[in-house]
Amino acid sequence: MKRPHIALLGAGLALTFTFAGVAAAEAATGALPPTPQPRWGSCVLGPDDREGQELAAAGAECAGVTVPLDYRRPQGRTLTIAISRIKATDRAHRIGALLLNDGGPGGPTIGAPPRVRDALKDVAKRYDIIGMDPRFVGRSNPLDCAWPVSSGITGAGNSRAAFDRQVALNKDLAARCRASAGDLLPYASTRNTARDMDVIRGALGERKLNYLGVSYGTYLGTVYGQMFPGRTGRMVLDGALDPHAYGPTMLPALIGPSEHALSDWADWAAARDSTYGLGGTGAQVLAVVRGVAEAAGRAPLTLGEGADTFRLDDTQVPFLLFGPLMDDGDENRGFLAEAVKSLRTAADGRPTGPLSADLVGLLRHSFTDVDSASASAQMAILCADGSAPRDPEVYWRAIEASRAAHPVFGPALNNLNPCAFWERPRERRTEVRHDVPALIVSATGDPRTPYPGAVALHGLLPSSRLVTLEGVNSHGLYGFYGNACVDESVNAYLGTGRLPQEDVTCAKQR
């Protein structure tokens with residue numbers, strides 16, 4: 001299955017940089033200590049470090065960059081931000097550094113340079129390609145609240161009793177974070193990550209920062225461009241978010257696009273009824289989906305066997321469907337069809353037998369505590385960036401109002417999350433006041449960052465250009481989806497620095 005989600009340097013060229021550059025751009029106060037040059041070395045942390053081994057095989061090096069925990073107190077506690085680099089091979093025509101963010105929030109990106117180098121093709125040799133794990137993520141002082149779950153995003157279920165259990169769960173998740181990381185939570189914001197990026201820019205000796213951000217990474221890039229507009233170079237924002245819509249309450253906007261993607265998948269599965277047996281029409285397939293969701297509300301569904309046995313209730317089943325809908329390729333759609341087959345078997349009270357390794361992986365990383373750290377960091381960032389209503393009844397009313405029109409994703413995406421019980425953010429949200437040139441990329445059926453958000457961001461940045469992939473329900477396109485028009489548009493811009501004269505419309509190729 002492709003991309004299972006809920007929701008990512010020559011040592012001699014590095015110059016000494018101080019935090020003063022960040023302070024000057026923001027009128028911060030206080031004397032700022034110097035940042036030493038990155039000390040590049042092996043990315044491999046140990047014999048079981050697969051990511052480090054893959055980076056090493058690609059010729060990457062890794063380093064750490066020291067940043068303040070609190071930029072208002074730069075002489076105080078510090079963090080180490082882990083970065084990776086694949087150096088430009090055409091030094092004579094080197095453009096600069098290209099910093100990456102693969103989304104999240106809370107997604108690690110230190111392992112991304114090999115993938116992006118492949119996508120860049122000939123342009124790759126002119127960039128130092130930089131991966132970064134943002135603060136509190138991955139290798140950068142990871143934050144872990146020891147949660148019993150791997151996501152702070154849960155469904156409301158089919159009843160008031162199920163919703164009340166979710167209220168208690170989310171209150172407990174917030175309390176665990178306050179108890180274990182309360183001293184860090186106020187500093188997890190996107191604005192602080194943008195400040196870290198500017199420290200990295202200076203540590204790399206770059207006058208401007210070139211950037212490729214995906215999903216949440218487009219919001220991070222937008223924030224950086226507003227905080228440091230004079231230091232922004234070539235910027236690609238792929239799967240773009242409307243910065244005014246981003247925050248702890250943005251999930252209800254995904255209900256319609258998710259239901260649309262589910263309906264399109266159902267038509268695809270119906271055309272392959274001889275393979276999957278879920279029904280010969282889209283309506284019949286959707287009836288199966290609704291049936292298993294209802295059955296999970298009566299009693300949890302048991303999937304798998306032995307050590308790989310999972311019991312999913314009505315708060316979890318919608319998110320098993322939600323993840324694979326991020327990409328509309330045949331491989332991903334087939335994976336979802338097999339998952340729904342297993343759910344129907346369980347709903348009928350029959351054993352499912354062993355599950356595929358991909359399905360086991362998705363279930364484990366969605367519904368156990370194995371990804372507690374990732375979930376903790378994601379929610380810490382989201383809650384530091386904005387506030388959510390604190391009264392559970394606000395959510396319950398929205399859930400009830402959505403059930404008839406959106407029975408699968410309405411109760412799931414209208415539900416509350418731990419931000420309802422979090423401390424208020426320390427900073428105001430970033431306003432878009434600077435026209436920063438950027439190449440914005442989006443699919444018309446994107447189920448994660450809906451296309452209207454990309455259009456809105458394009459309107460906020462008049463100098464930007466929008467690359468639209470029509471008729472596709474997929475999130476994060478460049479180097480993932482395999483559309484030549486999209487990939488060539490991005491590479492042309494990153495290679496020349498020239499945005500298209502007009503917006504670009506690309507046709508679906510698969």
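Hydrogens, waters and symmetry mates play no part in the numbers below; they use all other heavy atoms, side chains included. Please read these numbers as outputs of a predicted model, since none were measured by experiment.
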(message) Could you work out, with salt bridge (Lys or Arg N to Asp or Glu O under 4.0 Å) as the rule, every residue matching Asp348, not counting sequence neighbours?
(response) Arg350

Which pairs of donor and acceptor atoms, one on a side chain in residues 236-247, lie under 3.5 Å apart (sequence neighbours left out)?
| from | atom 1 | to | atom 2 | distance (Å) |
| --- | --- | --- | --- | --- |
| Asp238 | OD1 | Leu477 | N | 3.2 |
| Asp238 | OD2 | Leu477 | N | 3.1 |
| Asp238 | OD2 | Tyr478 | N | 2.8 |
| Asp242 | OD1 | His244 | N | 2.9 |
| Tyr246 | OH | Asp385 | OD2 | 2.7 |

(message) Any salt bridge linking Glu431 with Arg191? Criterion: basic side-chain nitrogen under 4.0 Å from a carboxylate oxygen.
(response) no

Per-pair distances, 0.1 Å, donor-acceptor, side chain in residues 276-289, under 3.5 Å, sequence neighbours excluded:
| from | atom 1 | to | atom 2 | distance (Å) |
| --- | --- | --- | --- | --- |
| Thr281 | OG1 | Gln284 | N | 3.1 |
| Gln284 | OE1 | Gly280 | N | 2.6 |
| Gln284 | OE1 | Thr281 | N | 3.2 |

(request) Begin from the C-alpha positions of Thr315 and Asp313 and carry the test side-chain hydrogen bond (donor to acceptor under 3.5 Å, both in side chains) through to its verdict. (result) CA-CA 5 Å; Thr315 70; Asp313 65 20; 2.6 Å; yes

(message) Quick check: closest heavy atoms across Val317 and Ala293, and the distance to 0.1 Å?
(response) CG1-CA, 4.3 Å

(request) Salt-bridge test for Glu427 and Arg195: reply yes if a basic N is under 4.0 Å from a carboxylate O, no otherwise. (result) yes

(request) State whether a side-chain donor-acceptor pair under 3.5 Å links Asn417 with Tyr395. (result) no

(request) Would you check if the side chain of Asn414 reaches a backbone N or O of Gly410 as a donor-acceptor pair within less than 3.5 Å? (result) yes

(request) Could you pull out the closest heavy-atom pair between Pro324 and Phe335, with the gap in Å? (result) CG-CE2, 3.6 Å

(request) Sequence neighbours left out, what passes ring pair (Phe, Tyr, Trp, His ring centres under 6.0 Å) with Tyr187? Give chain and number order. (result) none

(message) Does Thr193 form a side-chain hydrogen bond (donor to acceptor under 3.5 Å, both in side chains) with Arg135? I'd like the steps, not just the answer.
(response) CA-CA 7 Å; Thr193 299; Arg135 56 172 52 203; 4.8 Å; no

(request) Could you tell me which non-hydrogen atom of Pro134 sits nearest to which non-hydrogen atom of Gly107, and how far apart they are? (result) CD-O, 3.7 Å

(message) For Leu466 versus Val455, what's the shortest heavy-atom pair and its separation?
(response) CD2-CG2, 4.1 Å

(request) Any pair with a residue in residues 360-380 that passes salt bridge (charged side-chain N to carboxylate O under 4.0 Å, His left out), sequence neighbours left out, goes on the list, sorted by first then second residue, please. (result) Asp308-Arg364

Show me the side-chain donor-acceptor pairs of residues 50-58 shorter than 3.5 Å, one per line, residues at least two apart or across chains.
| from | atom 1 | to | atom 2 | distance (Å) |
| --- | --- | --- | --- | --- |
| Arg50 | NE | Glu54 | OE2 | 3.3 |
| Gln53 | NE2 | Pro47 | O | 2.9 |

(request) Evaluate side-chain hydrogen bond (donor to acceptor under 3.5 Å, both in side chains) for Gln166 paired with Thr154, printing each intermediate quantity in order. (result) CA-CA 7 Å; Gln166 295 308 302; Thr154 60; 2.8 Å; yes

(message) Any non-hydrogen side-chain atom of Pro418 less than 4.5 Å from a side-chain atom of Trp147?
(response) yes

(request) Compare every heavy atom of Cys145 with every heavy atom of Leu143, then report the nearest pair and how far apart it is. (result) CD2-SG, 3.6 Å

(message) Looking only at side-chain N and O atoms, does Trp268 offer a donor or acceptor that is under 3.5 Å from a partner on Asp330?
(response) yes

(request) Step by step, work out the side-chain hydrogen bond (donor to acceptor under 3.5 Å, both in side chains) result for Thr190 and Tyr216. (result) CA-CA 10 Å; Thr190 296; Tyr216 160 81; 2.6 Å; yes

(request) Determine, for Glu400 against Arg403, whether the closest basic-nitrogen to carboxylate-oxygen distance falls under 4.0 angstrom. (result) yes

(request) Decide, yes or no, whether a salt bridge links Asp49 with Arg139 under the criterion of side-chain N to carboxylate O below 4.0 Å. (result) yes

(request) Please answer whether the main-chain N or O of Phe409 pairs with a side-chain N or O of Glu259 as donor and acceptor at a distance below 3.5 Å. (result) yes

(message) Restricting to non-hydrogen atoms, name the atom on Ala412 and the atom on Val408 that form the minimum distance, rounded to 0.1 Å.
(response) CB-O, 4.1 Å

(request) Measure the shortest side-chain to side-chain distance between Ile83 and Ile110 over non-hydrogen atoms and say whether it is less than 4.5 angstrom. (result) no

